[in-house]
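See structure below.
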Amino acid sequence: MTKYAVISGSTRQNSLSEGVAKAIVAGLPEGSEVNFLEIGNLPLYNQDLDTNSPAEYDEFRAQVAAADAYIFVTPEHNRNIPAALKNALDVASRPWGQNVWAGKPALVASQSIGGISGVLAHHSLRQSLVFLDVHAMAQPELYINTSVTSDMETGEVTNEDTKAFLASAGAGFAEYAKKFID
């Protein structure tokens with residue numbers, strides 16, 4: 001059974017990113033283990049804490065290490081990924097030489113209410129993942145304009161075509177991930 005860690009770049013309740021993530025997860029094979037990781041509670045990464053890490057760091061690193069594959073969905077904040085997501089990447093890649101993200105597959109999606117659907121955040125996240133030795137699936141590219149596909153109050157994807165597209169991407173990712181899982 002494949003273990004998927006889902007990381008939403010948004011920390012707000014009923015977030016559009018989480019709604020997109022749930023629509024992707026709907027396409028994963030039955031029996032998949034899915035864990036939505038909490039990133040909003042992580043103290044800001046500080047190298048001084050490498051020798052005596054807070055419990056939140058240790059727990060998060062263990063959850064990341066236990067996953068076989070990652071699903072990232074990010075909103076765009078000021079043309080980049082949110083600070084909480086960048087912090088999560090940093091926490092689980094440190095101390096230096098102990099990167100627990102490395103060698104695993106990922107699916108990357110972005111969402112925004114704007115017309116460019118988080119494209120810049122999407123590519124910024126991919127750049128970080130390359131450095132972290134995470135193998136992001138190249139296709140399909142998932143740039144989701146949530147202003148026309150989702151309920152702004154609940155975050156749920158409501159457009160049936162978009163739901164089907166995202167579920168299909170989830171199914172495709174499950175096949176892609178098999179290449180990296182023993």
**Prompt:** Taking the side chain from Glu38 and the backbone from Gly40, do they hold a donor-acceptor pair closer than 3.5 Å?
**Reply:** yes

**Prompt:** Looking at side-chain heavy atoms only, is the closest gap between Val108 and His122 below 4.5 Å?
**Reply:** yes

**Message:** If we ignore hydrogens and angles and just use 3.5 Å, is the side chain of Lys104 paired with the main-chain N or O of Ala67 as donor and acceptor?
**Reply:** yes

**Asked** Angle class for the Phe180/His135 ring planes (parallel below 30°, perpendicular above 60°, tilted otherwise)?
**Response** parallel

**Request:** Calculate, to the nearest 0.5 Å, the distance between atoms CG and OG belonging to Asn46 and Ser53 respectively.
**Result:** 10.0 Å

**Fill in**
All heavy atoms of Phe173 vs all of Ala106, minimum pair found to be CE1-C, 3.3 Å

**Message:** Using only atom types and a distance under 3.5 Å, with no angle test, would you say the side chain of Ser93 pairs donor to acceptor with the backbone of Leu89?
**Reply:** yes

**Request:** Just say parallel, tilted or perpendicular for the rings of Tyr57 and Tyr45, cut-offs at 30° and 60°.
**Result:** parallel

**Item:** Polar side chain donor-acceptor pair, Gln111 to Thr146, under 3.5 angstrom
**Value:** yes

**Item:** Side chains of Thr162 and Ile144 in contact at under 4.5 Å (non-hydrogen atoms)
**Value:** yes

**Message:** With a sphere of 6.0 Å drawn around CZ of Arg79, does it hold more than 12 non-hydrogen atoms of other residues, nucleotides or ligands?
**Reply:** no

**Item:** Single-linkage hydrophobic cluster Val148~Ile116, side-chain heavy atoms < 4.5 angstrom
**Value:** no

**Worked verdict on Leu28 versus Ile71 for side chain to side chain contact (heavy atoms under 4.5 Å, CB included)** = CA-CA 11 Å; Leu28 296 176; Ile71 296 171; 4.1 Å; yes

**Asked** Side chains of Gln63 and Lys3: does their closest heavy-atom pair fall under 4.5 Å?
**Response** no

**Message:** To check you understand the geometry: which heavy-atom pair defines the closest contact between Ala21 and Val6, and what is its length?
**Reply:** CB-CG1, 3.6 Å

**Message:** Would you compute the distance between atom CD of Gln139 and atom CE of Met137 and round it to the nearest 0.5 angstrom?
**Reply:** 8.5 Å

**Message:** Taking Gln13's backbone N and O only, do any of them form a donor-acceptor pair with Glu18's side chain (distance below 3.5 Å, no angle check)?
**Reply:** no

**Request:** Check whether any side-chain N or O of Ser150 sits under 3.5 Å from a backbone N or O of Met152 as a donor-acceptor pair, and report yes or no.
**Result:** no

**Asked** Are any of the side-chain heavy atoms of Ser15 and Pro75 separated by less than 4.5 Å?
**Response** no

**Asked** Between the side chain of Asn35 and the main-chain N/O of Leu37, is any donor-acceptor distance below 3.5 Å?
**Response** no

**Prompt:** Are Leu142 and Ile7 in one and the same hydrophobic cluster, where Ile, Leu, Val, Met, Phe, Trp and Tyr link if side-chain heavy atoms are under 4.5 Å apart?
**Reply:** no

**Message:** Could you tell me if the side chain of Ser110 sits less than 4.5 Å from the side chain of Val73, heavy atoms only?
**Reply:** no

**Request:** Could you tell me whether Asp90 and Arg94 have a side-chain N and a carboxylate O separated by less than 4.0 Å?
**Result:** no

**Prompt:** Would you say the side-chain atoms of Asp68 pair up with the backbone N or O of Ile181, donor to acceptor, closer than 3.5 Å?
**Reply:** no

**Asked** Do any N or O atoms from the side chain of Ser117 and from the backbone of Val119 form a donor-acceptor pair under 3.5 angstrom?
**Response** no

**Request:** Begin from the C-alpha positions of Ser124 and Asn80 and carry the test side-chain hydrogen bond (donor to acceptor under 3.5 Å, both in side chains) through to its verdict.
**Result:** CA-CA 6 Å; Ser124 179; Asn80 214 315; 2.7 Å; yes

**Complete:** Interatomic distance, CG@Asn99 vs CZ@Arg61, rounded to 0.5 Å, equals 10.5 Å

**Heavy atoms of other groups near Lys22 NZ, more than 12 under 6.0 Å** = no

**Request:** Under the side chain to side chain contact (heavy atoms under 4.5 Å, CB included) rule, what do Tyr70 and Leu129 come out as? Steps first, then yes or no, please.
**Result:** CA-CA 11 Å; Tyr70 312 116; Leu129 295 178; over 6 Å; no

**Asked** Honestly curious: do Leu42 and Leu125 fall in one hydrophobic cluster under the side-chain, below-4.5 Å linking rule?
**Response** yes

**Request:** State, to 0.1 Å, how close Leu16 and Gly155 come at their nearest heavy-atom pair, and which atoms those are.
**Result:** CD2-CA, 3.8 Å

**Fill in**
Rounded to the nearest 0.5 angstrom, the CD1-OG distance for Ile81 and Ser10 is 13.0 Å

**Request:** Work out which heavy atom in Asn159 is nearest to a heavy atom in Asp161; give both atom names and the distance.
**Result:** OD1-N, 3.0 Å

**Prompt:** With the 4.5 Å side-chain cut-off for hydrophobic clustering, are Val25 and Met1 part of the same group?
**Reply:** no

**Asked** Is there a donor-acceptor pair under 3.5 Å between the side chain of Trp101 and the backbone N or O of Val64?
**Response** no

**Asked** Would you say Val91 and Phe72 are hydrophobically clustered, going by side-chain heavy atoms of ILVMFWY under 4.5 Å?
**Response** yes

**Request:** Please name the pair of heavy atoms, one in Thr74 and one in Pro82, separated by the smallest distance, quoted to 0.1 Å.
**Result:** OG1-CD, 3.2 Å

**Prompt:** Nearest 0.5 Å, what's the CG-OG1 distance between Leu166 and Thr149?
**Reply:** 7.5 Å

**Request:** Determine whether more than 12 heavy atoms belonging to other residues, nucleotides or ligands lie under 6.0 Å from atom CD of Glu153.
**Result:** no

**Fill in**
dist Tyr143:OH -> Leu120:CG (nearest 0.5 Å) comes out at 9.5 Å

**Complete:** Note: Ala109 and Val20 closest approach over all heavy atoms is CB-CG1, 4.5 Å

**Item:** Whether over 12 other heavy atoms sit under 6.0 Å from Ile113 CD1
**Value:** no

